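The figures here come from the full heavy-atom set of this structure, side chains too, leaving out hydrogens, waters and symmetry mates. Since the structure is predicted, the reported quantities are computational estimates derived from the model, not experimental observations.
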Amino acid sequence: SADELVVLRSKLAAVSESITDGHLSFTSDRRLIRANAVIEMLLGLARSDLIGRTLKEVLPEPAASCLDERVERTIRSGRKDDFDLAIKERHFLVTVFPYAGGAGALLRNVTEEHELRRRVEEGEALLKALGQCAHASNITLSADRRRHRGNHCRALRVEPPRWRQSYPSATRFGAGRQRCSGGNSQL
């Protein structure tokens, strides 16, 4: 009945607003029909600017095309799709899933984790380079932080992080996930 439909829609809206991830809902022609408050905050766009529009009308490229393609694929196949995506200098883990009459998408902001992982990887690469330098120069660092010298290191070469050498196709976070290709969407 019409009353039950109203109750179900209000429950759906309440669930969408209560989750901590950004949530978008799409029609079968990939127009936005719902966005929660988290999406407004993450994207800096009001819901009124999103509802009824397509991703290509509201998001910058190449993120818009990437997400739109994944939504279309999920609508056609009926299968969930997980991937990494960058939008406006922020990094997201995205899950697109089949939804009644279209698709839904959850966007989890992992910008801080992405930045921390990048810093750790840079630190590991620097430590490795320093270790090679110390070894080549016959410098040892003792536990009490005293330095014992041999030759001075003339050049410091930073190697890529070990995980990149072992898993060249892995992403920096979500190693089992795919990435959108092209421009800024590569993480």
Do the side chains of [X] and [Y] get close enough for a salt bridge, i.e. N-O under 4.0 angstrom?
{"X": "Glu72", "Y": "Arg76", "value": "yes"}
{"X": "Glu121", "Y": "Arg118", "value": "no"}
{"X": "Glu113", "Y": "Arg117", "value": "no"}

### Message
Please evaluate residues Glu69 and Arg73 with respect to the criterion salt bridge (charged side-chain N to carboxylate O under 4.0 Å, His left out), reporting the C-alpha separation (whole Å), side-chain torsions for both, the decisive distance (0.1 Å), and the verdict.
### Response
CA-CA 6 Å; Glu69 176 185 306; Arg73 184 184 313 165; 3.1 Å; yes
### Message
Pair Asp81, Thr95 - check side chain to side chain contact (heavy atoms under 4.5 Å, CB included), show working.
### Response
CA-CA 6 Å; Asp81 192 3; Thr95 300; over 6 Å; no
Please report the shortest heavy-atom distance between [X] and [Y], naming the atom on each side.
{"X": "Ser25", "Y": "Tyr99", "result": "OG-CE2, 3.3 Å"}
{"X": "His91", "Y": "Asn109", "result": "O-OD1, 3.4 Å"}
{"X": "Ala35", "Y": "Leu50", "result": "CB-CD1, 3.8 Å"}
{"X": "Thr111", "Y": "Glu89", "result": "CG2-O, 4.1 Å"}

### Query
Under the side chain to side chain donor-acceptor pair (under 3.5 Å) test, which residues partner Asp68, sequence neighbours left out?
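For Asp68 the side chain to side chain donor-acceptor pair (under 3.5 Å) partners, ignoring immediate neighbours, are Arg30.
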### Task
Would you please name every residue forming a side chain to side chain donor-acceptor pair (under 3.5 Å) with Lys80, sequence neighbours left out?
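With sequence neighbours excluded, Lys80 shows a side chain to side chain donor-acceptor pair (under 3.5 Å) to Asp82, given in chain and number order.
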Does [Y] offer a backbone N or O that forms a donor-acceptor pair with the side chain of [X] under 3.5 Å?
{"X": "Arg90", "Y": "Ala86", "answer": "no"}
{"X": "Glu40", "Y": "Ala46", "answer": "no"}
{"X": "Arg108", "Y": "Asp21", "answer": "no"}

Do [X] and [Y] have side chains that get closer than 4.5 Å, going by heavy atoms?
{"X": "Thr54", "Y": "Glu57", "answer": "yes"}
{"X": "Val71", "Y": "Thr74", "answer": "no"}
{"X": "Phe83", "Y": "Val96", "answer": "yes"}
{"X": "Leu107", "Y": "Leu93", "answer": "no"}
{"X": "Arg47", "Y": "Arg34", "answer": "no"}
{"X": "Phe26", "Y": "Leu55", "answer": "yes"}

Approximate separation, where rounding is to 0.5 Å, of [X] [atom1] and [Y] [atom2]:
{"X": "Arg119", "Y": "Glu115", "atom1": "CZ", "atom2": "CD", "answer": "4.5 Å"}
{"X": "Arg70", "Y": "Ser65", "atom1": "CZ", "atom2": "OG", "answer": "12.5 Å"}
{"X": "Thr27", "Y": "Ile75", "atom1": "OG1", "atom2": "CD1", "answer": "7.0 Å"}

### Message
Taking salt bridge (Lys or Arg N to Asp or Glu O under 4.0 Å) as the definition, give me every residue that meets it alongside Arg79, ordered by chain and number, with sequence neighbours left out.
### Response
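For Arg79, no residue satisfies salt bridge (Lys or Arg N to Asp or Glu O under 4.0 Å) once neighbours in sequence are set aside.
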### Message
Quick check on the hydrophobic clustering: are Phe92 and Met41 connected, directly or via other members, by side-chain heavy-atom contacts under 4.5 Å?
### Response
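Shared cluster, yes.
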### Task
Verify the cluster assignment for Ile33 and Val58: are they in a single hydrophobic cluster under the rule of side-chain heavy atoms below 4.5 Å apart?
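Different clusters: Ile33 never reaches Val58 through Ile, Leu, Val, Met, Phe, Trp or Tyr contacts under 4.5 Å.
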#### Entry: Intermediate values then yes/no, side chain to side chain contact (heavy atoms under 4.5 Å, CB included), Asp84 and Val94
CA-CA 6 Å; Asp84 300 331; Val94 180; over 6 Å; no
### Task
Give the C-alpha distance, both sets of side-chain angles, the deciding distance and a yes or no for side chain to side chain contact (heavy atoms under 4.5 Å, CB included) between Leu45 and Lys88.
CA-CA 12 Å; Leu45 298 169; Lys88 297 181 179 181; 4.3 Å; yes
### Message
Test side chain to side chain contact (heavy atoms under 4.5 Å, CB included) on Leu85 and Cys66; report intermediate values, then the result.
### Response
CA-CA 8 Å; Leu85 182 67; Cys66 179; 4.0 Å; yes
